[in-house]
Amino acid sequence: MTVVPFKFRKAANGQILFTDDGGRFFRSSEAFLDRYVYEALEGRDLAFLAANGFSYTDEQDLSYAGFAYAFATRLYLPRQLDYVILVPTLRCNLACSYCQVSRVNETTPGFDWTDETLASVLHYLSGLQTRTIKIEFQGGEPLLRLDILSDVRDFCNATFDACEFVVCTNLQVVSPEAWAFLALPDVSVSTSLDGSKEAHLNQRTSTVSATNRFFENLMHATSHLGEGKVSALPTIDPRHAPSPRTVIEMYASFNMRSIYIRPVNFQGFARKRFDALATTRAWIRYYSEFLDAAIVHNWEAVDHVEEYYFVHCLRRVLRAGHDGHVDLRNPNILGSGYLVIDHDGRVYPTDEARMVTRVGQMDLSVGHVASGIDQSKVDALNEEASNNFHPDCVHCVYQPFCGVDLIDDLSRYGRIDLPKHQTDFCQRHMAIFDKVFELLYSEDPRVQKSLAIWAGSQSIDPLLVKAHA
């Protein structure tokens, strides 16, 4: 009998977590680890491994097929490109302290699409093979070019079978015409709400009157645009963060139950105003406290909340194929999941690549919408798209659930060969997956209730959370 290869990591309680390349997992003792390493497995060990598909007799038996299937389904299979981020203007009517894209003032000329650029964008969209399309309008403040948003929407609805549009707006100034556009059935709103009025004022709006206007517009949007049409993201400075309970209550007051908390990113103006490179540990502590607060809230409240990214990570652990977030796709093939077309027509493989280029760190554009994609640049970036064979990832217990973020490494360190455990991406995701398994193996009924809600099930089946003495 052959035992599949295991990766392992000691938990805070001294137990050892084991995973195989297919993401199947169990917990056991240090004594079992010694028996496994020194090839001294006992009969009860072999019986447990065989009963749970962790060993096989030959490559023709069902256990081997199950292992191979688990491994294969953990790999992301790129699909037709059906998601495009469009930046019709870089102008903005706010000056947020952590602006990632280095926006320009609202009155600055030369930072909008020209008529020629718009025509090239529409021509590019017409050449996509997909029959469904998702368009995300970013900026700047895209509502400053409502005419372009309308032109793109009209074209897509005449070209594709099904269309979805997301307007990433600060909701600071919304004209009657803009409200009418946002109310269209295929249009939704994504905005920023930084957890508390004080944090929002300090980081985004700067004045009380502007802050009040935003909250009035957000209330109008959530009240009039329809259920599920408005989402918001809080950007958190972990050194001056509102309490997790404050953030949860603020979002709940707008009937928003899915909260995607994010630290200040190391992009754009944030490089100059925030020490984003030195706050990883503070962020990890805050993130864990937020999850604990959400669990307490869900135990006491009728309307439950979730932290969007944690739920995504949890579901990736529990089942393969949960590939909605590009950073956790493996392989993360740049230029296949989505593309970004900037205000000047330049094309980028990710929004973060646009930001890195904008601050002059390095040019990560991969072409121009008028002249096409430089496939050689895309291929060069994708040489490190997988974590399966990376020397620092290959032995990691969380490798089957994790992904690759090449652009973040380039942004922060100017290189991609830094040992993974020294990178922000690795440190944050090690902490997140540590928390996932801490909660999965918790017997606290409050924890079990939230995990079931987040996993989308009635309860967490004990058979999913295996343990071996």
Write down the atom of [X], the atom of [Y], and the distance for their closest heavy-atom approach.
{"X": "Pro234", "Y": "Ile261", "result": "CG-CG2, 3.6 Å"}
{"X": "Met219", "Y": "Ser223", "result": "O-OG, 2.7 Å"}
{"X": "Leu149", "Y": "Pro142", "result": "CD1-O, 3.5 Å"}
{"X": "Arg329", "Y": "Asp323", "result": "NE-O, 2.7 Å"}
{"X": "Arg204", "Y": "Asn170", "result": "NH2-CB, 3.5 Å"}
{"X": "Cys168", "Y": "Glu136", "result": "SG-OE2, 3.5 Å"}

Donor-acceptor pair, [X] side chain versus [Y] backbone, under 3.5 Å?
{"X": "Ser288", "Y": "Arg285", "answer": "no"}
{"X": "Thr130", "Y": "Ile133", "answer": "no"}
{"X": "Ser459", "Y": "Asp461", "answer": "no"}
{"X": "Asp20", "Y": "Gly23", "answer": "yes"}
{"X": "Arg316", "Y": "Leu328", "answer": "yes"}
{"X": "Ser450", "Y": "Val447", "answer": "no"}
{"X": "Tyr441", "Y": "Lys466", "answer": "yes"}
{"X": "Lys229", "Y": "Leu182", "answer": "yes"}
{"X": "Arg103", "Y": "Cys96", "answer": "no"}
{"X": "Asn217", "Y": "Leu171", "answer": "yes"}

Requested in this report: Kindly indicate, with the supporting measurements, whether the criterion ring pair (Phe, Tyr, Trp, His ring centres under 6.0 Å) is fulfilled by His200 and Phe214.
Outcome: CA-CA 10 Å; His200 200 87; Phe214 163 75; 4.2 Å; yes
I need the [X] [atom1] to [Y] [atom2] distance, nearest 0.5 Å.
{"X": "Asn330", "Y": "Asn387", "atom1": "CG", "atom2": "CG", "result": "3.5 Å"}
{"X": "Asn298", "Y": "Arg257", "atom1": "CG", "atom2": "CZ", "result": "9.5 Å"}
{"X": "Leu233", "Y": "Met256", "atom1": "CG", "atom2": "CE", "result": "9.5 Å"}
{"X": "Phe437", "Y": "Cys313", "atom1": "CZ", "atom2": "SG", "result": "10.5 Å"}
{"X": "Tyr124", "Y": "Ile373", "atom1": "OH", "atom2": "CD1", "result": "5.5 Å"}
{"X": "Ile341", "Y": "Ser365", "atom1": "CD1", "atom2": "OG", "result": "13.0 Å"}

Report yes if the side chains of [X] and [Y] come closer than 4.5 Å at any heavy-atom pair, otherwise no.
{"X": "Phe401", "Y": "Val436", "value": "no"}
{"X": "Thr350", "Y": "Leu406", "value": "no"}
{"X": "Ile148", "Y": "Thr89", "value": "no"}
{"X": "Val311", "Y": "Tyr308", "value": "no"}
{"X": "Trp299", "Y": "Pro445", "value": "yes"}
{"X": "Asn212", "Y": "Thr205", "value": "no"}
{"X": "Glu352", "Y": "Asp408", "value": "no"}
{"X": "Phe215", "Y": "Leu193", "value": "yes"}

Do the side-chain N and O atoms of [X] and [Y] include a donor-acceptor pair separated by under 3.5 angstrom?
{"X": "Tyr309", "Y": "Asp327", "value": "no"}
{"X": "Glu141", "Y": "Thr169", "value": "yes"}
{"X": "Asn93", "Y": "Gln172", "value": "no"}
{"X": "Asn202", "Y": "Asp237", "value": "no"}
{"X": "Ser120", "Y": "Thr117", "value": "no"}

Report task. Run the salt-bridge test on Asp363 and Arg346 with the 4.0 Å N-O cut-off and return the result as yes or no. Result -> yes
**Report entry** Derivation and outcome, ring pair (Phe, Tyr, Trp, His ring centres under 6.0 Å), residues Trp179 and His220
**Finding:** CA-CA 10 Å; Trp179 281 123; His220 179 87; 4.4 Å; yes
Could you check whether atom [atom1] of [X] has more than 12 heavy atoms from other residues, nucleotides or ligands sitting under 6.0 Å from it?
{"X": "Glu227", "atom1": "CD", "answer": "no"}
{"X": "Arg446", "atom1": "CZ", "answer": "no"}
{"X": "Glu438", "atom1": "CD", "answer": "yes"}
{"X": "Glu198", "atom1": "CD", "answer": "no"}

**Report entry** Steps toward salt bridge (charged side-chain N to carboxylate O under 4.0 Å, His left out) verdict (Arg131, Asp82)
**Finding:** CA-CA 8 Å; Arg131 298 309 308 153; Asp82 60 359; over 6 Å; no
**Report entry** Within 45° cone of Tyr287 ring axis and under 6.0 Å: Arg428 NZ or CZ
**Finding:** no
**Report entry** NZ or CZ of Lys435 within 45° of Phe310 ring axis and under 6.0 Å
**Finding:** no
Requested in this report: For the pair Phe433 and His429, name the ring-plane relationship: parallel under 30°, tilted 30 to 60°, perpendicular over 60°.
Outcome: tilted
**Report entry** salt bridge (charged side-chain N to carboxylate O under 4.0 Å, His left out) between Arg153 and Asp186, intermediate numbers included
**Finding:** CA-CA 9 Å; Arg153 178 181 176 273; Asp186 53 5; 2.9 Å; yes
Query raised in the report: Does the pair Asp444 and Ser442 meet the rule for a side-chain hydrogen bond (donor to acceptor under 3.5 Å, both in side chains), with working shown?
Result: CA-CA 6 Å; Asp444 187 332; Ser442 171; 5.1 Å; no
Report task. Take Val356 and Leu410, measure what side chain to side chain contact (heavy atoms under 4.5 Å, CB included) needs, and give me the verdict at the end. Result -> CA-CA 8 Å; Val356 170; Leu410 288 172; 5.7 Å; no
Query raised in the report: When Tyr260 is tested against each of Glu306, His325, Glu307 for side-chain hydrogen bond (donor to acceptor under 3.5 Å, both in side chains), which residue passes?
Result: His325
Query - Trace of the side chain to side chain contact (heavy atoms under 4.5 Å, CB included) decision for Val366 with Leu381 - result: CA-CA 10 Å; Val366 294; Leu381 289 170; 4.3 Å; yes
Query - Step-by-step side chain to side chain contact (heavy atoms under 4.5 Å, CB included) determination, Asp405 to Ile407 - result: CA-CA 6 Å; Asp405 193 347; Ile407 305 300; 4.0 Å; yes
Query raised in the report: Could you go step by step and tell me if Tyr251 and Val305 meet the side chain to side chain contact (heavy atoms under 4.5 Å, CB included) rule?
Result: CA-CA 9 Å; Tyr251 272 71; Val305 299; over 6 Å; no
